[in-house]
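Start at 1 and go down the list; that is how both ligands and their atoms are numbered.
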Amino acid sequence: MARLIVVSNRVPLPDKDGSPPPGGMAIALNAALKRQDGLWIGWSGEVKPEEKEDEPPRLSVREAGGITYALTDLAQKDLDEYYNGFANRVLWPIFHCRVDLAEYARHEMSGYYRVNRLFADLLMPLLQEDDVIWVHDYHLIPLAEELRKRGCRNRIGFFLHIPWPPADILFTVPIYDTLLRGLSSYDLVGFHTDYDLSNFAECLRREGCGDLLEGGYCRAYGRVFRCGVFPISIDTAEFETLAEQSAGDKALRMTYRRIEGYDVAIGVDRLDYSKGIDQRVEAFRRFLHANAHRVGKTLLLQITPKSRTEVPEYMAMQKDIAELTGRVNGELGTIDWMPVHYINQSLERRELAGLYRMARVGLVTPLRDGMNLVAKEYVAAQHPQDPGVLILSRFAGAARELDGAILVNPYDPEAVANAIERALVMPLDARVERWNAMMTRLREHDVYRWCDEFLSGLRQA
Ligand code: ADQ
């Protein structure tokens, strides 16, 4: 079997005993890499010391659990321009349809291409003839083109973890055509949903540079390559087991005792404007106003680790959400009850699974999301005989699959407020029926299947 090379901005390293870090995607990719004598290459997470900035980039290579990891440090300037700059202040907001938040700077765009060239330079000498390369996410769109320029003829696949935007939105990126052309150097380009794929095809058509062909192929910039829909998923069985175990875990029960007895709605998201956290808190406030009998009996548990703290929009958002939750708690809370529990912490997966299971409502209301794995984790963690109800934004990729959820428009706080009440009064048989439909899908389409389908698509490309 050909060797597999995974390239991503960050590389989830195994722990001291060689087990992969928690998280469905890392576990599935690790399994595939182990089978295929794999190599995972990316940024080490470390900044190059200033005195070494002019030295040529180097890879530090090590092996763990049958996989080779090749990591490079990046200079502060690279990080500022490529990661915090073009990737997270242009591509992330625009691909999430937040043109208003995008700040385009030419030097950052050059930094983005410079780091992609650096990755190509580092990878080229490691390549063997039959290696299959799988590139992940918006940080590395130009990588295949850079590898091709250096003579690489290997199969290269690309998977986009975030949504692909509609044409008029993409066209606000001043170098959108360079990005589109970059993707045409891959052999397979994968998206989460059919909406993303059709947005991509529309961009090519509008630009007059390509279109979809029969049988999952695409022609663009004179090259034919495969394009497909590969909805990412979770390790469903693992989450079911973790949630079951949490019921008998005494230490966890102690942690929960303060919220036991309340009807809990749970939100779990990285701190990011795409996740719609402030709109969700506002919807919860309106729900309490509209349903006086729920006051003192229901609470929103919002678990939100900070992310991308170097990007100014993220710092501002942290402050806004903290202020909003404070206002709602001040307005509606009493000495013995707080409506919103807002926690900026990262939790262990077993803790998350236990909290999902005790929450009667999973409130997953991003303004836009490539997939949203929290929605799938919430479903997998439910008790089969007494499942909670998932309220899901229609703008999350997961809404294309999880048809047992109550779908909502996250921009409409009254609709979300009504959905919370509907979820809380939903009879058991309706909850079980909805949950069964979603769980059947998640058991069949777990993260291992996602990984296998992408790799077999790439082999056929
Ligand atoms: P994210 O934007 O990070 O991922 P998501 O898919 O929801 O979003 O995944 C978040 C993961 O982080 C989940 O596994 C969740 O359990 C975990 N997590 C969140 N808060 C946590 C906390 N407080 N403690 C511990 N773990 C926490 C990007 C895209 C998504 C896409 C994924 C995968 O933005 O749309 O679904 O990649 O492709």
So Tyr83 and Trp43, would you call those rings parallel, tilted or perpendicular, with 30° and 60° as cut-offs?
-> tilted
For Ile303, the ligand 1 atoms whose distance to one of its heavy atoms is below 4.0 Å = 23 (N)
For atom CZ of Arg394, is the number of surrounding heavy atoms from other residues, nucleotides or ligands below 6.0 Å larger than 12?
-> no
Is a salt bridge present between Glu244 and Arg357, judged by a nitrogen-to-oxygen distance below 4.0 Å?
-> no
Non-hydrogen protein atom less than 4.0 angstrom from atom 21 (C) of ligand 1 | yes
Enumerated ligand 1 atoms positioned under 4.0 Å from heavy atoms of Gly370 | 35 (O)
Check Ile343 against ligand 1 and report side chain, backbone, both or neither, counting heavy atoms closer than 4.0 Å.
-> neither
Among protein heavy atoms, which lies nearest atom 6 (O) of ligand 1, and at what distance?
-> Leu373 N, 2.8 Å
Nearest non-hydrogen protein atom to atom 35 (O) of ligand 1, with distance, is Asp369 OD1, 2.5 Å
What protein heavy atom is closest to atom 36 (O) of ligand 1, reported as residue, atom name and distance in Å?
-> Asn372 N, 2.9 Å
Crowded around Arg258 CZ? As in, over 12 foreign heavy atoms under 6.0 Å?
-> no
Measure up the Trp164 and Phe200 rings against each other and bin them: parallel (under 30°), tilted (30 to 60°), perpendicular (over 60°).
-> perpendicular
Under 6.0 Å between the ring centres of Phe230 and Trp450?
-> no
OH of Tyr195: more than 12 outside heavy atoms within 6.0 angstrom?
-> no
Heavy atom of protein closer than 4.0 angstrom to atom 4 (O) of ligand 1 = no
Minimum-distance protein heavy atom relative to atom 15 (C) of ligand 1 = Glu377 OE1, 3.5 Å
Out of Lys275, Met371, Arg270, whose heavy atom sits nearest atom 8 (O) of ligand 1?
-> Lys275
Side chain, backbone, both or neither: the part of Phe239 lying under 4.0 Å from ligand 1 by heavy atom = neither
Ligand 1 to His161 polar contact by distance, N or O atoms, under 3.5 Å = yes
Just jot down the ligand 1 atoms closer than 4.0 angstrom to any heavy atom of Val374, in number order.
-> 7 (O), 15 (C)
If the plane angle is over 60° it's perpendicular, under 30° parallel, otherwise tilted; pick one for Phe395 and Tyr411.
-> perpendicular
State if Phe159 counts as touching ligand 1 under the rule of any non-hydrogen atom under 4.0 Å.
-> no
Check against ring-ring contact (aromatic ring centres under 6.0 Å, His included), Tyr273 and Tyr314 | CA-CA 8 Å; Tyr273 47 79; Tyr314 286 74; 5.4 Å; yes
Any protein heavy atom sitting closer than 4.0 Å to atom 10 (C) of ligand 1?
-> no
Where ligand 1 meets Pro305 - atom numbers and elements under 4.0 angstrom, heavy-atom basis | 20 (N), 21 (C), 22 (C), 23 (N)
What residue and heavy atom of the protein are closest to atom 26 (N) of ligand 1, and at what distance?
-> Leu352 CD1, 3.5 Å
Please determine, by modelled atom types, if Asn344 and Gln318 share a side-chain donor-acceptor pair under 3.5 angstrom.
-> yes
Applying a 4.0 Å heavy-atom criterion (strictly less than), which segment of Ile232 is in contact with ligand 1: side chain, backbone, both, or neither?
-> side chain
Below 4.0 Å from any atom of ligand 1, is there a heavy atom belonging to Gln345?
-> yes
Could you check atom 19 (C) of ligand 1 against the protein and tell me its nearest heavy-atom contact, residue, atom and distance included?
-> Val268 CG1, 3.6 Å
Atoms in ligand 1 flagged as close to Trp92, the criterion being non-hydrogen separation under 4.0 Å = 34 (O)
His192 ring center near Phe159 ring center (under 6.0 Å) = yes
Residue, atom and distance of the protein heavy atom nearest atom 25 (C) of ligand 1 read Leu347 O, 3.1 Å
Which heavy-atom pair separates Ile277 from Arg270 by the least distance, and what is that distance?
-> CD1-O, 4.0 Å
Judged by modelled atom types alone, do Tyr448 and Asp235 share a side-chain donor-acceptor pair under 3.5 Å?
-> yes
In ligand 1, which numbered atoms sit nearer than 4.0 Å to a non-hydrogen atom of Ser346?
-> 22 (C), 23 (N), 24 (N), 25 (C)
Centroid separation Phe225 to Tyr186 less than 6.0 Å | no
